[in-house]
Amino acid sequence: MVSDEIAHKMLIKLGYVVEKIPESEKEEADFLVKYQGSTALLEAKLKKDDPSIVKKREASLSAGKVSVVEAKLGINSNLSKIIDKANSQLLSSSDKPHDFKIVSFIASGINEKTKTDQFKDTIYGSTLVSNGNNTKTCYFFRDSAFYKRNNIDAAIVGYVFNNEIILELCLNPYSLNYNSLKESVFLEPFKGAVIDPLKLENKGLAYIPDHNIDRKLNEFQKNIPSHNPILIHLQEKYKTGFLINIDWDSPELAIRIKT
């Protein structure tokens with residue numbers, strides 16, 4: 001099943017009215033999505049598995065071995081390219097009446113939850129930051145898709161689990177439409193499954209570096225926390241004491257039990 005078919009079913013199930021944008025000579029967004037007077041352009045993306053990884057995994061399972069598929073959290077360059085493509089398609093459809101521009105991303109297959117976490121890290125430039133006693137998500141720790149593209153208002157992010165799609169809507173606080181979207185009825189179908197970094201920061205549940213802090217670091221700064229200007233800034237801003245940032249490995253381990 002292709003990305004727009006999955007997205008169409010997902011949006012209809014949520015309660016949106018979905019209108020397919022006809023194909024044209026230019027590459028456009030997939031849908032106009034409507035809810036109680038609000039309309040969004042939406043470009044749908046689906047992350048499948050690399051066939052070579054699937055083949056290798058099946059070979060291990062068939063041989064009775066443990067299959068290990070490596071993955072690491074943090075910004076993913078392949079996902080960045082997917083977002084770049086979606087961004088250009090949304091901009092190409094800007095002539096159609098709409099209130100918001102949204103990307104949807106659904107992960108399936110191997111380690112699908114990690115794929116969605118990687119996508120969120122990529123749009124938010126997020127990582128975990130810890131002082132040894134307390135660990136929080138730091139949004140916009142790095143240059144990111146949302147930080148660089150204020151025309152993408154949000155992303156719908158989900159993964160398939162037991163034939164159900166687990167969804168969240170991720171707001172872009174750098175979007176020009178951030179305030180209007182977060183107050184909009186358009187969010188109602190998500191029933192609170194909404195990530196709003198500014199709201200989380202205000203509740204003391206997340207960190208966000210100031211927008212004027214340079215995210216471009218050399219290798220020495222990246223590898224030595226005491227010389228990382230972003231961590232130093234966070235220590236001063238939140239009065240935390242010494243901080244480190246962490247991107248966990250997140251492999252999937254599987255074994256086939258013969259009956």
Side-chain angles (χ1 to χ4, degrees), residues 1-24 26-49 79 81-109 112-113 115-120 122-124 145-146 149-173 175-197 199:
M1 188 175 290
V2 297
S3 59
D4 55 348
E5 292 176 348
I6 292 177
H8 187 273
K9 290 184 177 181
M10 169 190 77
L11 293 163
I12 292 293
K13 187 174 181 179
L14 284 171
Y16 292 101
V17 176
V18 183
E19 177 184 329
K20 176 68 177 174
I21 296 175
E23 293 185 4
S24 65
K26 58 181 182 177
E27 293 187 311
E28 298 197 66
D30 288 312
F31 303 114
L32 284 168
V33 182
K34 301 177 181 180
Y35 188 82
Q36 296 188 14
S38 293
T39 302
L41 287 170
L42 185 138
E43 171 58 26
K45 298 298 182 186
L46 174 68
K47 185 67 171 71
K48 298 180 179 180
D49 295 314
L79 294 179
K81 293 174 184 176
I82 290 174
I83 298 165
D84 286 342
K85 178 72 171 180
N87 180 60
S88 66
Q89 290 169 278
L90 289 168
L91 289 174
S92 182
S93 298
S94 292
D95 57 333
K96 295 168 176 60
H98 66 282
D99 303 294
F100 311 113
K101 293 182 177 72
I102 296 175
V103 176
S104 79
F105 174 85
I106 304 299
S108 64
E112 60 270 67
K113 174 66 165 56
K115 292 173 189 170
T116 63
D117 288 340
Q118 288 175 332
F119 187 86
K120 287 186 284 187
T122 302
I123 59 174
Y124 282 131
F146 276 179
R149 297 175 185 83
N150 61 11
N151 52 281
I152 300 178
D153 301 311
I156 298 172
V157 183
Y159 62 96
V160 180
F161 180 73
N162 289 339
N163 295 319
E164 293 289 330
I165 299 179
I166 311 300
L167 295 172
E168 292 177 303
L169 188 137
C170 303
L171 294 174
N172 181 3
S175 160
L176 299 177
N177 295 316
Y178 165 71
N179 287 314
S180 58
L181 179 54
K182 76 173 184 176
E183 302 296 336
S184 172
V185 294
F186 195 86
L187 302 187
E188 284 184 359
F190 285 88
K191 299 178 180 178
V194 176
I195 296 178
D196 182 346
K199 185 176 181 180

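One is the number of the first residue; the rest follow in order along the sequence. Note that this is a predicted model, so its numbers are computed, not measured.
- Scored by the salt bridge (charged side-chain N to carboxylate O under 4.0 Å, His left out) test, Lys182 finds no partners at all (sequence neighbours excluded).
- In this structure, the separation between CG on Leu32 and CG on Leu41 is 5.5 Å, given to the nearest 0.5 Å.
- Every residue meeting the side chain to side chain contact (heavy atoms under 4.5 Å, CB included) condition with Lys34, not counting sequence neighbours, appears here in chain and number order: Val17, Glu19, Thr39.
- Residues satisfying the side chain to side chain contact (heavy atoms under 4.5 Å, CB included) criterion with Ser38, sequence neighbours excluded, are Asp99, Phe100, Ser184, Val185, Phe186.
- Annotation: salt bridge (charged side-chain N to carboxylate O under 4.0 Å, His left out) contacts of Lys81 (sequence neighbours excluded): none.
- Residues passing the ring pair (Phe, Tyr, Trp, His ring centres under 6.0 Å) test with Tyr35 are Tyr16, sequence neighbours excluded.
- To the nearest 0.5 Å, the span separating CD1 on Ile156 from CD1 on Ile106 amounts to 8.0 Å.
- In this view, Glu27 and Lys85 satisfy the side chain to side chain donor-acceptor pair (under 3.5 Å) rule, not counting sequence neighbours.
- How far OG of Ser104 is from CE of Met10: 4.5 Å, rounded to the nearest 0.5 Å.
- Checked against side chain to side chain contact (heavy atoms under 4.5 Å, CB included), Lys20 has the following partners two or more places apart in sequence or in another chain: Asp4, Asp30, Phe31.
- To the nearest 0.5 Å, atom CD of residue Glu28 and atom OG of residue Ser94 are 9.5 Å apart.
- A side chain to side chain contact (heavy atoms under 4.5 Å, CB included) with His8 is found for one member of Val33, Val18, Leu42 and no other, namely Val18.
- Shown here are the salt bridge (charged side-chain N to carboxylate O under 4.0 Å, His left out) partners of Lys199, two or more places apart in sequence or in another chain: there are none.
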query = side chain to side chain contact (heavy atoms under 4.5 Å, CB included) between Ile195 and Leu171: does it pass, once the steps are laid out?
reply = CA-CA 6 Å; Ile195 296 178; Leu171 294 174; over 6 Å; no
request  = For side chain to side chain contact (heavy atoms under 4.5 Å, CB included), just list the numbers for Thr116 and Ile166, CA-CA rounded to whole Å, side-chain angles, deciding distance to a tenth of an Å, and then say yes or no.
outcome  = CA-CA 10 Å; Thr116 63; Ile166 311 300; over 6 Å; no
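- Shown here for Tyr124 and Pro173, the closest heavy-atom pair between the two residues is CE2-CD, 4.4 Å.
- Proximity of Ser93 to Glu43: side-chain heavy atoms (C-beta onward) are nowhere separated by under 4.5 Å.
- Between atom CG of residue Asn179 and atom CD of residue Glu183 there is a gap of 7.5 Å, rounded to the nearest 0.5 Å.
- With hydrogens and angles ignored, the 3.5 Å screen pairs no side-chain donor or acceptor of Thr122 with any backbone N or O of Leu79.
- Remark: side-chain polar atoms of Lys26 are paired, donor with acceptor, to backbone N or O of Ser92 under 3.5 angstrom.
- Partners of Ala145 under the side chain to side chain contact (heavy atoms under 4.5 Å, CB included) rule, at least two apart in sequence or in another chain, are Ile83, Ile123, Arg149.
- Taking Tyr159 as the reference, nothing meets the ring pair (Phe, Tyr, Trp, His ring centres under 6.0 Å) condition, with sequence neighbours excluded.
- You'll find the side chain of Asn172 stays beyond 4.5 Å of the side chain of Leu181, heavy atoms only.
- Rounded to the nearest 0.5 Å, atoms CD (Glu168) and CZ (Phe119) are 12.0 Å apart.
- Not a single salt bridge (charged side-chain N to carboxylate O under 4.0 Å, His left out) links Glu188 to another residue, sequence neighbours left out.
- Remark: Asp153 engages Ser175, Asn177 in a side chain to side chain donor-acceptor pair (under 3.5 Å) (not counting sequence neighbours).
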